[in-house]
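Structure, as structure tokens:
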Amino acid sequence: MLKAFQDVRSSTFQQSYRCYPVSFIDKSHLEKGDKIIMPPSALDRLASLHIEYPMLFELSNLSAGRVTHCGVLEFVADEGLIYLPYWMMENMLLQEGQIVQVKNASLAKGTYVKLQPHTKDFLDISNPKAILETSLRSYSCLTTGDTIMVAYNNKKYYIDIVETKPSSAVSIIETDCEVDFAPPLDYKEPEKPAPTASLKKTRLDDQEEPARKIPKFSPFTGFGRRLDGKPSTQPVAPASSPKPKQHQPEAHNGTEDSKSSKPASQQPAGKLVFGSNVNQPQKAAPKVAPENNSQEQPQKVEEPKFQAFTGKKYSLKG
């Protein structure tokens with residue numbers, strides 16, 4: 001048991017270093033990935049141990065309680081120093097020259113990653129998945145809770161690692177990983193207009209439009225027509241403007257001649273006008289007026305009688 005424990009301790013690399021940004025050694029291109037620069041002594045130590053390749057490491061900031069994972073690119077740093085990408089130092093809340101603990105790690109290959117861009121400008125790129133796939137080739141592993149940086153078209157895009165499977169830290173080297181996107185942090189859903197106000201407005205407009213289009217009804221408008229086909233010279237009196245009561249014919253106690261004498265004086269002889277109730281008495285039936293007018297028509301109209309063989313006489317003899 002003791003020998004096995006010593007073998008495990010001997011195969012573990014753990015060392016503390018002071019960290020600085022990679023820009024201090026003119027390697028700013030390393031900002032586009034998660035590779036670090038370690039001293040040559042670390043390579044000698046790792047070579048003596050049975051370390052799995054590719055080499056992956058766990059970085060810990062004990063004072064802030066922050067942990068992340070990374071790979072290594074070169075062993076050319078000064079002894080006691082390591083150089084990190086600046087975005088990685090920001091994730092771990094590390095300052096220049098602060099102590100960071102480095103430990104070798106073995107991570108499972110990732111199968112699922114959920115990402116969340118900080119701004120919606122990243123989604124405006126023509127093909128964001130292709131750009132992300134190209135950028136992730138510079139990364140060795142991803143850790144849940146980290147914020148990575150993707151550079152494209154002279155612009156930096158920051159993306160949060162929301163979820164990783166099958167564990168909170170996964171390796172993305174030579175693996176087929178499913179990528180999903182969450183809505184950007186600055187995304188706002190469009191406000192929906194209030195449906196009640198718009199519906200009431202449309203209903204009121206629908207009710208007002210027919211009222212404007214339908215013309216008002218005017219009864220008994222036009223010209224009068226005679227029953228005998230002759231042209232009429234008097235227009236029809238509109239029924240909508242009845243005459244005052246003093247102009248209406250008064251009822252007499254006499255015979256039918258006394259009833260028909262009054263309307264005959266008001267209208268020309270031989271004319272029958274539709275749409276006027278002036279000639280009718282109040283208690284008389286509506287059918288009586290046409291019959292009286294038809295009976296009075298031959299009496300009132302004076303037409304010349306036809307006389308045969310009238311004129312001058314002429315003799316054939318001359």
Side-chain angles (χ1 to χ4, degrees), residues 1-113 136-146 148 161 164-177:
M1 290 286 293
L2 182 59
K3 185 178 180 181
F5 179 74
Q6 290 177 352
D7 292 340
V8 172
R9 277 188 77 182
S10 61
S11 62
T12 302
F13 175 86
Q14 186 171 350
Q15 190 68 38
S16 296
Y17 298 96
R18 291 188 181 275
C19 64
Y20 291 94
V22 292
S23 59
F24 278 31
I25 55 174
D26 296 332
K27 293 184 180 291
S28 57
H29 64 278
L30 296 181
E31 291 288 347
K32 299 179 181 180
D34 63 345
K35 303 296 191 300
I36 66 174
I37 305 297
M38 298 182 70
S41 60
L43 179 59
D44 297 337
R45 175 63 178 166
L46 291 169
S48 62
L49 301 175
H50 299 284
I51 302 297
E52 295 181 0
Y53 287 88
M55 293 182 183
L56 300 177
F57 299 93
E58 176 184 298
L59 304 181
S60 303
N61 183 2
L62 300 179
S63 60
R66 304 298 292 268
V67 177
T68 188
H69 298 79
C70 65
V72 61
L73 181 64
E74 294 178 347
F75 295 89
V76 295
D78 297 335
E79 291 297 331
L81 303 179
I82 62 171
Y83 296 94
L84 309 177
Y86 187 70
W87 66 264
M88 191 178 295
M89 294 181 63
E90 288 181 335
N91 286 339
M92 300 184 65
L93 305 178
L94 289 171
Q95 301 295 330
E96 297 176 3
Q98 193 171 352
I99 299 298
V100 61
Q101 188 175 16
V102 182
K103 181 181 178 181
N104 68 309
S106 178
L107 302 178
K109 291 187 177 182
T111 58
Y112 174 81
V113 176
L136 289 180
R137 292 175 184 174
S138 303
Y139 288 80
S140 303
C141 50
L142 296 175
T143 305
T144 302
D146 279 358
I148 63 175
I161 310 299
T164 58
K165 292 181 182 181
S167 60
S168 59
V170 295
S171 172
I172 58 172
I173 299 175
E174 297 179 357
T175 180
D176 187 9
C177 186

Please find the pair of heavy atoms, one from [X] and one from [Y], that lie closest to each other, and give the distance.
| X | Y | answer |
| --- | --- | --- |
| Gly33 | Pro85 | O-CG, 3.6 Å |
| Cys177 | Tyr112 | SG-N, 3.6 Å |
| Thr143 | Ala169 | OG1-CB, 4.0 Å |
| Ala77 | Pro40 | O-CD, 3.3 Å |
| Pro54 | Ile173 | CG-CD1, 3.4 Å |
| Ser60 | Val100 | O-CG2, 3.5 Å |

How long is the gap from [atom1] on [X] to [atom2] on [Y], to the nearest 0.5 Å?
| X | Y | atom1 | atom2 | value |
| --- | --- | --- | --- | --- |
| Ile37 | Cys19 | CD1 | SG | 14.0 Å |
| Glu74 | Leu43 | CD | CG | 11.5 Å |
| Asp78 | Ser41 | CG | OG | 10.5 Å |
| Leu136 | Cys141 | CG | SG | 11.5 Å |
| Leu107 | Thr164 | CG | OG1 | 9.5 Å |
| Ser168 | Ile161 | OG | CD1 | 12.5 Å |

Handout entry: Pair Ser140, Lys35: side-chain N/O donor-acceptor within cut-off below 3.5 Å
Key =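 Indeed, the side chains of Ser140 and Lys35 share at least one donor-acceptor pair under 3.5 Å.
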Handout entry: Residue list, side chain to side chain contact (heavy atoms under 4.5 Å, CB included) with Val72, at least two apart or on another chain
Key =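 Residues passing side chain to side chain contact (heavy atoms under 4.5 Å, CB included) with Val72: Ile36, Met38, Met55, Phe57, Phe75.
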Exercise for the section: Output all residues satisfying side chain to side chain contact (heavy atoms under 4.5 Å, CB included) with Thr111, sequence neighbours left out; order by chain, then residue number. Expected result: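 Thr111 satisfies side chain to side chain contact (heavy atoms under 4.5 Å, CB included) with Lys165, Pro166 once adjacent residues are dropped.
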Problem - Sequence neighbours excluded - side-chain hydrogen bond (donor to acceptor under 3.5 Å, both in side chains) pairs with any residue from residues 86-105 - result: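 Residue pairs passing side-chain hydrogen bond (donor to acceptor under 3.5 Å, both in side chains), neighbours aside: Ser63-Gln98.
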Handout entry: CG/Asp44: more than 12 non-hydrogen atoms of other groups inside 6.0 Å
Key =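 Yes.
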Handout entry: Neighbour count above 12 (heavy atom, 6.0 Å) for Glu79 CD
Key =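 Enclosed.
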Problem - Asn61 side chain to Arg66 backbone, donor-acceptor under 3.5 Å - result: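 No; zero donor-acceptor contacts below 3.5 Å.
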Practice task
Using atom types as modelled and distance alone, determine if a side-chain donor or acceptor of Ser48 lies under 3.5 Å from a backbone N or O of Arg45.
Solution key: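 It does hold such a pair.
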Handout entry: Heavy-atom check, side chain of Met88 versus side chain of Asp34, under 4.5 Å
Key =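 SC-SC contact between Met88 and Asp34 confirmed.
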Exercise for the section: Check the pair Leu59, Val102 against side-chain contact (heavy atoms from CB on, under 4.5 Å), reporting the backbone distance first and the verdict last. Expected result: CA-CA 5 Å; Leu59 304 181; Val102 182; 3.6 Å; yes
